[in-house]
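The next block holds one structure in the form of structure tokens; read it before the comments.
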Amino acid sequence: MLDIKYIREHADEIRRGAQAKRIVCDVDRLVALDSRRRELQLQLDQLRQQVNEMGGQVGLYRNLKWYEKQGLNKEQAEQKANELQTQLADIKQRIKSLDDEESRVLPEFEQLMLTIPQPPDPEVPLGEGEGGDEIRRWGEPRTFDFEFKDHVQLGQQLGILDLERGVKLAGSRNYVLMGDGARLYAAVLRLAGDLLIERGYRAMQVPVLVKESAMYGTGYFPTGREQAYLCERDELSLVGTAEVPLTALHSDEILNEGELPKRFFAQSCCFRREAGAGGKDTYGLYRVHLFDKVEQVILCRNDREESRRFHAEILQNAEDMMQKLEIPYRVLNIWTSDLGMGQVQKFDIEAWMPSRKSYGETHSASRFYEFQARRLNLRYKTGDKKNHYCHTLNNTMIALPRVLIPLLELNQLRDGTVMIPSALRPYMNGQERLTPS
RNA sequence: GGGGAGGUGGCCGAGCGGCUGAAGGCAACGGUUUGCUAAACCGUCAUACGGGAUCAAACCCGUAUCGGGGGUUCGAAUCCCCCCCUCUCCGCCA
């Protein structure tokens with residue numbers, strides 16, 4: 001959410017931003033509702049002021065000590081009071097009708113406020129459709145001097161992946177990992193967490209079934225509603241990322257400036273319906289309904305330069321993780337047309353996946369400035385006792401099982417066994433290789 | 001799931017239906033005093049929105065907010081109804 005005053009005064013900029021993001025929103029309608037809303041408030045405030053003042057008078061005219069002091073007798077005072085009450089009844093009628101109008105205008109206004117996207121930063125490339133400009137690469141895509149296998153073949157031959165039973169249990173886009181597969185999965189997550197702990201990030205364990213306010217606050221609702229699993233009778237939603245509970249953790253709070261920045265991470269289950277994905281990426285472990293992710297979240301001061309620095313930091317953390325895993329990747333500066341409602345800039349990391357013969361997205365690092373903090377009512381107080389909205393940022397540290405695709409495929413040997421990258425071996429009891437079990 | 005108790009400002013804690021945005025205390029901040037610290041004293045000390053003033057702020061005015069919503073009343077933190085949450089006893093249970 002943006003500041004209505006800012007929208008009012010920079011309507012053009014907002015319109016251009018929405019255009020660049022390819023997001024449809026009605027700025028004119030919003031501005032019109034805003035001015036009507038302010039007129040109504042002004043009138044209502046004035047009428048309420050009258051009511052308060054006259055109401056106080058009524059009280060006085062009913063107060064024996066007071067009206068005797070004014071030299072009035074009971075009848076005179078009573079009559080004054082009644083007169084006032086008659087006038088009040090009239091004013092309250094007017095309040096009622098204005099109030100009715102306000103209660104029609106406000107919900108629409110608030111609804112529209114939630115649909116206004118934040119303009120992208122200038123360094124974001126203008127684009128069309130999904131994607132971004134490649135800004136760097138690390139590592140070389142591996143070439144094979146033998147017929148390589150994809151992660152599904154490898155997983156099945158090693159006896160660590162069972163897609164059929166996953167589907168039997170839970171429908172399409174589900175899977176089961178066994179033995180070394182499950183161990184490897186856990187090992188990657190632990191490595192990611194340990195790396196972040198080393199760097200001063202605070203480990204968190206958070207709810208993954210959250211109230212709608214958290215979904216709205218982080219910007220996933222109302223637009224992304226289709227993508228979420230809802231537990232409707234309890235009015236709760238399963239989160240698609242720990243970004244939601246972590247970013248909303250301090251919602252409706254006023255932090256002290258000294259507490260910032262807050263560097264968090266959480267490993268959590270992530271639930272995504274993949275509605276609209278249609279038949280896309282149905283093969284293997286690429287796009288599944290339930291996965292695990294270690295997510296980084298930073299809450300910092302309201303300072304764009306600071307936000308940028310932290311953005312670089314969380315991106316670096318993820319790149320370092322990929323380097324530890326020895327997975328070649330590239331980093332994209334995502335186009336305006338592929339940015340979400342609140343994001344001002346987003347960098348994706350894509351890992352080389354032999355079976356896809358391409359880079360595939362494994363990470364997404366976004367910064368939001370105040371956008372989420374405003375929706376969440378997440379603020380901090382400075383030394384001069386002023387309140388400011390925080391800035392929020394997040395990035396994947398690692399997400400599984402997707403990263404198992406390059407991890408298995410890139411490290412396979414001719415005989416179908418898979419070498420374990422050395423950074424993971426300590427988490428696998430020193431095991432160096434996956435062999436059929 | 002059933003029975004009790006309770007939800008007031010950063011915290012604790014008062015609060016006859018009008019003069020209570022809310023006593024008092026603590027914490028915090030500014031100041032006086034002081035060799036330093038402590039103590040003492042004085043002052044400040046919720047948030048949002050709107051209006052006015054301004055280059056902008058400071059500032060001035062108003063409205064709303066005492067868990068949330070609705071009602072009674074000229075007037076509600078205070079009375080009534082519904083909901084939510086916390087604590088506690090019982091039952092159930094990873």
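Numbered from 1 within each chain, the chains take letters A, B, ... in sequence-line order.
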So [X], base contact, sugar-phosphate only, or nothing? Heavy-atom distance under 4.0 Å.
X        : answer
A:Lys381 : sugar-phosphate
A:Arg37  : sugar-phosphate
A:Leu84  : nothing
A:Gln41  : base

Quiz item: Could A:Arg225 and A:Phe221 be counted as a cation-pi pair, given that NZ or CZ must be under 6.0 Å from the ring centre and within 45° of the axis?
Solution: yes
Exercise. Measure from NZ or CZ of A:Arg402 to the centre of the six-membered ring of A:Tyr286 and say whether it is under 6.0 Å with the direction within 45° of the ring axis.
Key: yes
Whole-Å gap separating [atom2] ([N]) and [atom1] ([X]):
X        : N     : atom1 : atom2 : result
A:Leu378 : B:U47 : CG    : C1'   : 15 Å
A:Met1   : B:A48 : CE    : P     : 13 Å
A:Leu98  : B:G50 : CG    : C1'   : 15 Å
A:Tyr380 : B:U47 : OH    : P     : 15 Å
A:Asp252 : B:C84 : CG    : P     : 20 Å

Taking 4.0 Å as the cut-off, does a side-chain nitrogen or oxygen of [X] come that near to OP1 or OP2 on [N]?
X        : N     : answer
A:Arg379 : B:U47 : no
A:Arg38  : B:G51 : yes
A:Asn52  : B:A64 : yes
A:Asn82  : B:C74 : no
A:Arg8   : B:G50 : yes

Quiz item: Want to settle it: does A:Gln57 or A:Tyr389 sit nearer the 5' end of RNA chain B, counting the closest nucleotide to each?
Solution: A:Gln57
Searching all strands shown, indicate the nucleotide that pairs with [N] (Watson-Crick or G-U wobble; both distances under 3.5 Å).
N     : answer
B:C36 : none
B:G50 : B:C61
B:U72 : none

Self-check item: Criterion side-chain hydrogen bond (donor to acceptor under 3.5 Å, both in side chains) against A:Glu313, the qualifying member of A:Arg263, A:Arg199, A:Gln296
Solution: A:Arg263
Practice problem: Determine the interatomic distance between C1' on B:C45 and the same-named atom on B:C29; round to the nearest Å. | Solution: 7 Å
Quiz prompt | Same-atom distance (C1') from B:A27 to B:G10, integer angstrom | solution = 8 Å
Quiz prompt | Mutual orientation of the aromatic rings belonging to A:Tyr61 and A:Trp66 [parallel < 30°, tilted 30-60°, perpendicular > 60°] | solution = perpendicular
Quiz item: Would you say the side chains of A:Asn333 and A:Gln345 form a donor-acceptor pair under 3.5 Å?
Solution: yes
Closest to side chain of [X], choosing from [options]:
X       : options             : value
A:Lys5  : B:C74, B:U47, B:G50 : B:G50
A:Asp45 : B:U63, B:G50, B:G18 : B:U63
A:Arg48 : B:A64, B:G62, B:C74 : B:A64

